Novice: 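Please find one structure pasted underneath; my questions will follow.
Chain naming here is simple, since letters A, B, ... match the order of the sequence lines and numbering starts at 1 in each. Bear in mind the structure is a predicted one, so any value in this text is a computation, not a measurement.
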Amino acid sequence: MARLIIDADTCTGCEACLPSCPFGSLSMKDGLALVDESCNFCRACVEACPVGAITVEMEEKAVPIDTGSYQNVWAFIEHEQEKVSSVSLELLGEGRKLAEALGCQVCGMLFGDPGDVDHFAKEAIAHGAEKVYVMESPLLKQYRTDPYARAAVDLIRKFKPEIVLFGATTQGRDFAGTVATTLGAGLTADCTGLDIDPETKYLKQTRPAFGGNIMATILDYPHYRPQMSTVRSKVFALPPRDDSRKGEIIRETLQMTEDEVRTKILEFIKGRETVNLADAEIIISGGRAIGSAENFRIIRELAEVLGAAVGASRAAVDSGWISYEHQVGQTGRTVRPKIYIACGISGSVQHQAGMKTSDIIVAINKDPDAPIFKIATYGVVADLFTVVPKLTQEFRKRLGR
Amino acid sequence: MKIAVCIKQVPDTTDVKINPETNTLIREGVASITNPFDEYAVEEALRLKEKHGGEVHVISMGPPQAVEILKNALAVGADRVYLISDKAFAGADTLATAYTLAKTIQTIGGADLVICGKQAIDGDTAQVGPGVATRLGIPQLTYVSKVREIDPVKKRIVVERLLENGKEVVESSLPVLMTVVKDINEPRHPNLMGIKRVAKATIPILTAKDIGADENRIGLKGSPTWVVRIFSPEARGAGGEILKGDLSEVVPLLVHKLMDTKFIK
Ligand SMILES: Cc1cc2nc3c(=O)[nH]c(=O)nc-3n(C[C@H](O)[C@H](O)[C@H](O)COP(=O)(O)OP(=O)(O)OC[C@H]3O[C@@H](n4cnc5c(N)ncnc54)[C@H](O)[C@@H]3O)c2cc1C
Ligand SMILES: Nc1ncnc2c1ncn2[C@@H]1O[C@H](COP(=O)(O)O)[C@@H](O)[C@H]1O
């Protein structure tokens, strides 16, 4: 068992470690720090201790594997409605950096109907894939957990990549967990930073936790491979397209039949409007101050002029003015647009958890003390019912729409 | 129909803040809550039981203080609750957690339906649900926003899954594991009777041995991923700029600034 050890002779009882623990596992007893069972060995206290009294004793992993037989960096090439998702291309760009640091190749992992895959593979190669591992089958035409998970597991077992990256999309997050569990490998969710440790050559995966209030860096320990992560979209830059690039395509056929697929898609109901908050470059959100479903019109008008998606706070959703698909925040969606315009939203921590990594945040609120202003790039203290229509008008003028 | 629900105790994130001066974590008190998505999971289980009969078993892996959230689950109407608690579970990542929860579900005799929240708000991984399904060898339905039909006799379920650009209607056989989003229902609060019942209840605790867990697959030892560093996110560029003055100037100024970013096309 791993243990957190607080050296009684070194501990000065200064209490510096107490507030550093995100799990509240530390307390004071008889003038010394004490740890309880809820400790997760995250080492926040180890760094916080000014006298070095805290150490973590780790245990060697049980079953060693031959990590040397794993090589190359793979990016899962996701596609939907005949298009490769931009996050997959971003992963190829970032994957190349990792591959350079490791001295290996960056490759795509692609599944689909034999009739569709060539087109997607070309797209991956144009964006930097040196090889594309393709699993073909009519079962893979449309995303479903079972055949996709099987395809990934079979390819990974056969070709042994050292690192596998998935987009942290609904698709990626649906089946990456299945793949990792089947392989008995680690999986770090929703990463926003990836690096290769110069000494150990391990993948350092950095991600937000606790609603974005803290960042954690995570390693996969030696006896587990591949190292896998899901990565948020738009964190990494889209690599430039170069159609003259050459790449190798390795084809495999999925050994699975339709009756092994345990779920069946009966129907797809397209959202009434484009709610695709995950992909939106610009989001205009309305909060409780909007006051009614009808009033969301002014938000939609601005969104339309800017080609933006419409978001909402939970207060607006719970009031029934707009559907849950639009909710941004801890119990809604996490978004990371270039521009987020919050209209009549106070900026509670739960709302911020879903949007505070946006590049530019604009807050429009009557209350100068609203917490949203603390994270806003630009703030306007005024009535949204005056400001938003004026903004729409001004953008129309500037954009000639 | 037997329904197992996995719930997790999480710190109320409102309590985890960054001290802007020292850039360290400040955690006032240790208020803990049921992971919000898991409340919807419990509620859905109760509603399905009310409609189709059966039992709701709620399980949570965590330190001893996690009994609190299980008491809440009992108070709203869960039939059985179990705390999975052992020093050997400490430091579990999603792989080890999924293993432990799956082992527990097997120990209590399996279930026709397993319900998890979409994700836990502390770790935000959304990996445990699919992990448990994989370990149990049953299919999974993630992001469920509505159970359209469930037939415990014919062992069939039809649900709506909330995706990025719409809803997918999917059919699956039972047993199945589903993870739920907030849209699925409105969780109830405990009534007086429920609160009374809980006052007397003792919550059974299962250890690693009780669930027959392989010690190499639980806790930190069974976890491929280890947190090596925790730090504060970069503070957003030194507070914002409040655009002051008459709106006839402020609005064009804001538009100008946003146009300058080149993000507007
Ligand atoms: C477990 C849990 C999970 C949650 N998850 C989420 C989540 O995912 N997303 C989320 O958003 N919230 C979430 N919440 C709720 C959150 O705590 C807040 O209650 C919610 O975000 C408030 O929404 P709001 O800012 O629109 O409303 P309010 O806080 O009421 O703010 C309205 C703002 O509008 C301003 N205003 C009023 N009139 C005008 C006007 N005419 N012009 C300009 N400004 C005006 C007011 O000054 C005020 O600041 C969660 C809460 C809990 C407990
Ligand atoms: N320790 C735990 N005990 C019980 N259920 C859990 C635990 N951890 C995660 N879960 C379940 O798995 C879901 C997803 O959690 P996560 O993968 O951590 O985001 C949660 O909503 C719970 O339903």
Side-chain angles (χ1 to χ4, degrees), chain A residues 1-2 19-20 22 24 37-42 44 59 62 145 170 173-174 177-178 181-182 185-189 210-211 213-221 224 262-271 276 278 306 324 330-331 338-339 349 375-380 390-391 394-395 398, chain B residues 13-14 16 24-27 30 36 63 87-88 90-91 98 121-127 130-131 134-135 139-140 142-143 163-173 182-183 216 220-221 224-231 233 236 240-243 247 250-252 254-255 259 261 263-264:
Chain A
M1 229 181 302
S20 74
E37 283 110 330
S38 60
C39 172
N40 275 282
F41 312 105
C42 74
E59 247 181 328
T145 316
T170 42
R173 292 184 98 175
D174 183 67
T178 308
T181 310
T182 310
L187 176 63
T188 301
F210 293 99
N213 286 306
I214 62 171
M215 303 297 290
T217 300
I218 291 165
L219 281 186
D220 281 35
Y221 264 71
Y224 294 93
R262 297 167 297 180
T263 58
K264 199 159 113 199
I265 300 171
L266 302 181
E267 188 187 346
F268 187 77
I269 308 164
K270 212 170 154 31
N276 205 336
L306 296 178
Y324 170 65
Q330 191 179 83
T331 45
K338 302 286 186 214
I339 303 177
V349 273
I375 59 159
T377 323
Y378 303 115
V380 179
K390 276 193 203 302
L391 267 178
E394 187 69 19
F395 274 119
R398 289 285 301 260
Chain B
T13 46
T14 51
V16 187
T24 53
L25 276 170
I26 21 174
R27 212 186 129 91
V30 199
K87 277 202 160 108
I121 60 167
D122 53 352
D124 271 340
T125 81
Q127 284 167 197
T134 308
R135 284 264 176 262
Q140 73 194 42
T142 51
Y143 309 106
L163 304 183
E164 266 136 22
N165 49 2
K167 283 181 180 160
E168 189 181 80
V169 185
V170 196
E171 180 187 321
S172 169
S173 55
K182 170 187 164 242
D183 214 20
N216 287 320
L220 195 63
K221 199 171 181 182
T225 62
W226 288 4
V227 175
V228 290
R229 183 170 167 238
I230 279 196
F231 58 101
R236 289 191 67 86
E241 182 184 348
I242 300 290
L243 307 179
L247 280 186
V250 166
V251 169
L254 178 59
V255 169
M259 295 291 294
T261 62
F263 294 142
I264 294 173

Novice: Could you have a look at Pro252(B), Ala98(B), Gly91(B), Pro139(B) and say which one has the most heavy-atom pairs with chain A under 4.5 angstrom?
Specialist: Pro139(B)
Novice: List the atom of Ala185(A), the atom of Pro224(B), and the distance in Å for their closest heavy-atom pair.
Specialist: C-CG, 3.7 Å
Novice: Once rounded to the nearest 0.5 Å, what's the spacing between atom CZ of Arg173(A) and atom CD of Gln127(B)?
Specialist: 7.5 Å
Novice: Go through the atoms of Leu254(B) and report whether side chain, backbone, both or neither lie under 4.5 Å from a heavy atom of chain A.
Specialist: side chain
Novice: Ignoring hydrogens, what is the shortest heavy-atom contact between Lys221(B) and Tyr224(A)? Give both atom names and the distance.
Specialist: O-OH, 3.7 Å
Novice: Answer with side chain, backbone, both or neither: which region of Ala90(B) has an atom nearer than 4.5 Å to a non-hydrogen atom of chain A?
Specialist: both
Novice: Output the option from Val228(B), Leu243(B), Ile242(B) having the highest count of non-hydrogen pairs under 4.5 Å with chain A.
Specialist: Val228(B)
Novice: Answer with side chain, backbone, both or neither: which region of Thr182(A) has an atom nearer than 4.5 Å to a non-hydrogen atom of chain B?
Specialist: both
Novice: For Asp174(A), check salt bridge (charged side-chain N to carboxylate O under 4.0 Å, His left out) against everything at least two apart and list the hits.
Specialist: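 With neighbours one apart ignored, the set is Arg161(B).
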Novice: Starting at CD of Gln140(B), measure out to CZ of Arg262(A) and round the result to the nearest 0.5 Å.
Specialist: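 The CD atom of Gln140(B) sits 8.0 Å away from the CZ atom of Arg262(A).
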Novice: Please give me the minimum heavy-atom distance between Val255(B) and Glu394(A), naming the atom from each residue.
Specialist: CG2-CG, 3.5 Å
Novice: Give, as side chain, backbone, both or neither, the part of Ala216(A) having an atom under 4.5 angstrom from any heavy atom of chain B.
Specialist: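 Both parts, heavy atoms under 4.5 Å.
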Novice: Would you mind checking which part of Phe263(B) comes under 4.5 Å of any heavy atom in chain A, side chain (CB onward), backbone (N, CA, C, O), both or neither?
Specialist: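 Both the backbone and the side chain of Phe263(B) come within 4.5 Å of chain A.
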Novice: Hey, could you give me the CG/CD distance between Leu266(A) and Glu168(B), rounded to the nearest 0.5 Å?
Specialist: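 It is 9.0 Å, given to the nearest 0.5 Å.
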Novice: Taking every heavy-atom pair that is under 4.5 Å apart, which of Asp220(A), Leu187(A), Thr188(A) has the most such pairs with chain B?
Specialist: Leu187(A)
Novice: What residue, out of Ser173(B), Gly166(B), Ala126(B), has the most heavy-atom pairs lying under 4.5 Å from chain A?
Specialist: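 Sorted descending by pairs with chain A, the first entry is Gly166(B).
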Novice: Go through the structure and list residues passing salt bridge (charged side-chain N to carboxylate O under 4.0 Å, His left out) with Lys390(A), not counting sequence neighbours.
Specialist: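 For Lys390(A) there are no salt bridge (charged side-chain N to carboxylate O under 4.0 Å, His left out) partners, ignoring immediate neighbours.
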Novice: In Å, rounded to the nearest 0.5 Å, how long is the span from CG of Leu163(B) to OG1 of Thr170(A)?
Specialist: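 Result: 5.0 Å between the selected atoms.
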Novice: Output the distance between atom CD (Gln330(A)) and atom CG (Asp124(B)), rounded to the nearest 0.5 Å.
Specialist: 7.5 Å
Novice: Just verifying a value: how many Å separate Trp226(B) CH2 and Ile218(A) CD1, rounded to the nearest 0.5 Å?
Specialist: 13.5 Å
